[in-house]
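Everything on this sheet refers to the single structure shown next.
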There are 2 protein chains.
Amino acid sequence: MSPDSSDPAAGTSNVTRSAGTRRKPGDSLAPEPATGGSGTDGGFDPHVPDIDYGVLDSLIGYAIRRAQIRIYEDFVASLAQWQITPPRFAALVIISRNPKLKLTELAHILGIARSGAVLLVDALQEMNLVARRPAPGDRRAYSLVLTPAGKRTLAAAKQAVIAHDAHVASALTEQEQATLKSLLARLAPPRPA
Amino acid sequence: MSPDSSDPAAGTSNVTRSAGTRRKPGDSLAPEPATGGSGTDGGFDPHVPDIDYGVLDSLIGYAIRRAQIRIYEDFVASLAQWQITPPRFAALVIISRNPKLKLTELAHILGIARSGAVLLVDALQEMNLVARRPAPGDRRAYSLVLTPAGKRTLAAAKQAVIAHDAHVASALTEQEQATLKSLLARLAPPRPA
DNA sequence: TATTGTTATACTCTATAACTATA
DNA sequence: TATAGTTATAGAGTATAACAATA
């Protein structure tokens, strides 16, 4: 599930794994600031001049995809100082609002595999934002909680996210924003399977 | 760039690389149909009962993310028979509508690195949908074109995508769909940098 | 026997850096 | 010197499968 991924933040947060810090093939040479510079520079520009986008321009799915890409970029930029990505932010919020949450439940809520939740929580724990407490009544499980630092960071990040969201929607009136959310919520009804 | 990725389609399209078809650690044992089954089964359910989503529920960015996830799932399911993912579909459309397109231009349009465009075109070429023609006037470059099979497949896939998009937006009236696209287009104005 | 958390492994996607052949 | 395409490599994210401890 969770086709989210949406992670250009890749090279942004090296917190999770320390992996191999090897170098490149030639290495020990000039950094070379990337010649062409296609999609590496500023931000994703959804519309290149003189290009015919065909059906893409008439698809709601494509419009949402483009919006999501730009919003994601802005989000990551806004929270870069804390190394908090969208999934990490979502995890922090969910943990803070739902006491005694277990790892498996978190995975279910976020729509990821349990193994993925382990890595996510590992990262947040290494950042000293989350802690695993023994779950009362079940010695297999943990209760996830925010550390004091986690609470402080979440409070600050939350303000940044709210500001980010306001920026993203700044071209819309209050009512338009409400309309947008309402329309989005009515999209993609679950498949009959 | 291109935080898109959005690829739950991971295990869906093995077309790109034939990689190693190895097995698992223990292997040679019962398949075990995944015990818990968090996000592996049906579709991503954005709202788990009895869970407090806090600020997430008030963010436009989160609403878009959720919509995008569900739409992505439906898209992949709709085009699974051709093994065409969103980026592949976008590439086919762009190539078909813009003659003599070069690989670097495609990369720029899609917002990915040139190296990524190479792999993408490699995959489409292996699927016999796209071909590299010598670019007139520049022996370094190629002109990307659709093969006859590519044209046929794109025509069919396009119908499927249009149907998919209609399904996704089926709960909205024509006017609501227009409103939605209009509002989305006004989101996330480029950053001052 | 089922479930919780964990680990090992594999795979996809994407990025950076360097190389080649042209320009 | 710069550009088009390519390749090698690294890294993030996610998934599946298996395991130990506990239920």
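Residue numbers start from 1 in every chain, and the chains themselves are labelled A, B, ... in the order their sequence lines are given, proteins ahead of strands.
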* To the nearest angstrom, how far is B/Leu119 atom CG from C/dA15 atom C1'? -> 11 Å
* Minimum-distance nucleotide to B/Arg114 side chain [options: D/dA15, C/dG5, C/dA18] -> C/dA18
* Pair B/Asp122 + B/Arg132: basic N to acidic O under 4.0 Å -> yes
* Structure fact -> Rounded to whole Å, CG of B/Leu120 lies from P of C/dC13 at a distance of 9 Å
* Asked: So does A/Arg132 get a side-chain nitrogen or oxygen closer than 4.0 Å to the phosphate oxygens (OP1/OP2) of C/dT6?
  -> yes
* To do: Name the orientation class of the two ring planes belonging to A/His164 and A/Phe75 (parallel below 30°, tilted from 30 to 60°, perpendicular beyond 60°).
  => perpendicular
* Would you say the side-chain atoms of A/Ser78 pair up with the backbone N or O of A/Asp74, donor to acceptor, closer than 3.5 Å? -> yes
* Asked: Going by atom types alone, do B/Arg65 and A/Gln68 pair a side-chain donor with an acceptor below 3.5 Å?
  -> no
* Asked: Does a distance-only test, which skips hydrogens and angles, find a donor-acceptor pair under 3.5 Å between the side chain of B/Ser115 and the base of C/dT16?
  -> yes
* Structure fact -> Ranking C/dT4, D/dA4, D/dT14 by distance to the side chain of A/Ile112, first place goes to D/dT14
* Same apolar cluster: A/Leu92 and A/Tyr142, side chain cutoff 4.5 Å -> no
* Rounded to the Å, how far apart are B/Lys100 NZ and D/dA4 P? -> 17 Å
* To do: Return the value, rounded to whole Å, for the distance between atom CG of A/Leu106 and atom C1' of C/dT6.
  => 15 Å
* Asked: Contacts to DNA chain D from residues 137-145 of chain A, heavy-atom cutoff under 4.0 Å, which residues?
  -> A/Asp138, A/Arg139, A/Arg140
* Nearest-Å distance, CG (B/Leu103) to P (C/dT22)? -> 17 Å
* Asked: How close or far is atom P of C/dT14 from atom CD of A/Glu73, stated in whole angstroms?
  -> 13 Å
* Asked: Tell me: NE2 of B/His108 to C1' of C/dT14, nearest whole Å?
  -> 18 Å
* Asked: Are B/Leu172 and B/Ile71 joined in one hydrophobic group, where the rule is that I, L, V, M, F, W and Y side chains link up if heavy atoms are under 4.5 Å apart?
  -> yes
* Determine, for A/Arg66 against A/Asp57, whether the closest basic-nitrogen to carboxylate-oxygen distance falls under 4.0 angstrom. => yes
* **Rounded interatomic separation in angstrom, taking CD from B/Gln83 and P from C/dT12** => 11 Å
